[in-house]
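Chain identifiers are assigned alphabetically (A, B, ...) following the order of the sequence lines, protein sequences preceding nucleic acid strands; residue numbering begins at 1 within each chain.
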2 protein chains.
Amino acid sequence: MDFGIEKILKISELSEQTGLSAHTLRYYEKHGLINASNRSEAGYRFYNDSDLRRVQFVKTARNTGFSLADIGQLLSIRVDKRSHSCQDVTDITQKKLLEVSAKLTELQSMQQTLELLLESCCGGPENATHCSIMEALDAGLLRDDNKEARIIK
Amino acid sequence: MDFGIEKILKISELSEQTGLSAHTLRYYEKHGLINASNRSEAGYRFYNDSDLRRVQFVKTARNTGFSLADIGQLLSIRVDKRSHSCQDVTDITQKKLLEVSAKLTELQSMQQTLELLLESCCGGPENATHCSIMEALDAGLLRDDNKEARIIK
DNA sequence: TATAACCTTAGAGCCAACTCTAAGGTCAAT
DNA sequence: ATTGACCTTAGAGTTGGCTCTAAGGTTATA
């Protein structure tokens with residue numbers, strides 16, 4: 001229903017359009033995420049609008065944090081939306097959100113520890129014989145995995 | 001000045017003490033982070049208290065988010081504190097903090113996007129023909145790297 | 001027709017930090 | 001003397017997502 005002129009793109013043009021390298025596009029193809037709907041006689045890949053939109057979907061999903069495996073699932077929903085439910089989609093999204101949140105928690109804990117370390121140290125040109133960062137790392141009282149930061153003040 | 005009895009540990013005992021696998025301990029050794037100050041005639045590694053403390057330092061630094069390369073630098077300060085300044089230590093720490101903060105920002109953006117996506121979708125058993133998550137990914141309006149999330153409501 | 005700029009493929013390399021394997025040596029207890 | 005649990009080494013494999021290389025074929029322009 002799009003009456004615009006269909007633009008056929010070679011891989012370097014698709015690369016330019018999407019900001020993904022030709023290498024990456026071939027890599028995505030090898031992993032079953034995208035495809036060139038046509039080839040020239042010599043085997044050159046030709047991409048149409050639909051191909052382009054699919055690649056852009058992949059790129060957007062990638063930017064959102066989805067793994068290539070996640071995206072594979074999202075794409076199989078995308079090509080046959082009628083056979084899938086919104087819940088199928090939210091399941092994938094929810095799973096990803098949990099992963100991201102978990103990593104976030106870990107990084108926040110690291111951030112807090114690093115900030116505490118920096119606060120505790122003069123950071124000056126004095127020699128490090130009594131550096132409180134070194135002492136804290138020696139004392140081992142920072143954080144063990146999930147435990148709260150509990151650096152000595 | 002520690003008059004306690006020095007405990008000599010084999011690698012499996014050091015592993016038990018530290019929670020790091022013997023494989024990992026050998027790996028750290030291969031990468032110049034730690035060492036067994038002694039070996040048996042047969043070549044078995046023997047670790048003394050000082051070795052143990054060094055390994056614990058490495059573990060603590062690892063938990064804090066430092067890379068093995070960072071830890072290598074921290075260790076070389078640790079063995080000769082007199083020749084290094086507090087600033088040397090805070091430089092490493094600051095650099096790590098910046099890395100962590102950058103990653104945090106990226107993950108927060110992802111988290112926000114994922115939350116918006118989930119809010120926008122019913123998540124129900126309806127088929128996905130009008131799934132707003134799929135539409136958002138198709139529209140490509142989520143986030144390009146650093147740009148703010150700007151999903152259509 | 002020559003040259004440069006494309007394109008193709010299979011497969012290797014990269015990153016970090018492990019994790020594991022193979023093939024063998026050592027040691028304590030039975 | 002024989003288990004079985006330890007230890008040694010070099011080196012390969014894992015993870016995910018690229019990124020690059022080599023060796024060659026194609027196409028557009030001068």
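- Computed from coordinates, the His31(B) NE2 to dA17(C) C1' distance equals 8 Å when rounded to whole Å.
- In this entry the distance linking CG of Asn38(A) with P of dT8(C) reads 13 Å, nearest Å.
- Residues Ile71(B) and Arg62(B) have side chains in contact (heavy-atom distance under 4.5 Å, counting atoms from C-beta outward).
- Candidate nucleotides dC18(D), dC7(D), dT8(C) were compared by shortest atom distance to the side chain of Tyr44(B), and dC7(D) ranks first.
- Comparing dT9(D), dT8(C), dC18(C) by their nearest atom to the side chain of Arg26(A) picks out dT8(C).
- The base of dG16(D) does not come close enough to the side chain of Tyr27(A) for any donor and acceptor atom to sit less than 3.5 Å apart.
- Of the side-chain N and O atoms in Ser12(B), one or more sit less than 4.0 angstrom from OP1 or OP2 of dC7(D).
- Side-chain contact check for Ser50(B) versus Arg53(B): some heavy-atom pair is nearer than 4.5 Å.
- In this structure, Lys10(B) places its NZ atom 14 Å from P of dT26(C), rounding to the nearest Å.
- The 5' end of DNA chain C is approached more closely, in terms of each residue's nearest nucleotide, by Leu68(B) than by the other of Ser40(B) and Leu68(B).
- Across all strands, Phe46(A) comes closer than 4.0 Å to no nucleic acid atom at all (heavy-atom distances).
- Under 3.5 Å, the side chains of Gln111(A) and Ser101(B) contain a donor-acceptor pair of N or O atoms.
- Straight-line distance from the CG atom of Leu14(A) to the P atom of dC6(C): 15 Å, rounded to whole Å.
- You'll find that the side chain of His23(B) is closest to dC20(C), out of dC6(D), dC20(D), dC20(C).
- Judged by distance alone, with hydrogens and angles left aside, Tyr28(A) brings no side-chain donor or acceptor close enough to the base of dG17(D) to form a pair under 3.5 Å.
- In this structure, NZ of Lys59(B) is placed 15 Å from C1' of dC18(C), rounded to the nearest angstrom.
- For Arg62(B), whose side chain is taken as the heavy atoms from C-beta onward, the closest listed nucleotide among dT26(C), dC7(C), dC18(C) is dC18(C).
- Looking at Ile77(B) and Ile92(B), their side chains come closer than 4.5 Å, going by heavy atoms from C-beta outward.
- For Arg39(A) and dT26(D), the shortest distance from a side-chain N or O to OP1 or OP2 is not below 4.0 Å.
- The residue Arg45(B) sits close only to the backbone: its heavy atoms come under 4.0 Å of sugar-phosphate atoms, none of a base.
- One can place NZ of Lys30(A) at 14 Å from P of dT19(D), the figure rounded to the nearest angstrom.
- At the heavy-atom level, Ser67(B) lies under 4.0 Å from the strands shown only through sugar-phosphate atoms.
- The side-chain tip of Arg39(B) does not point at the ring of Tyr44(B) from less than 6.0 angstrom away and within 45° of straight on.
- Distance CZ (Phe66(A)) to C1' (dC18(D)): 20 Å, rounded to an integer number of Å.
- The distance between atom CD of Glu41(A) and atom C1' of dG25(D), rounded to the nearest whole Å, is 14 Å.
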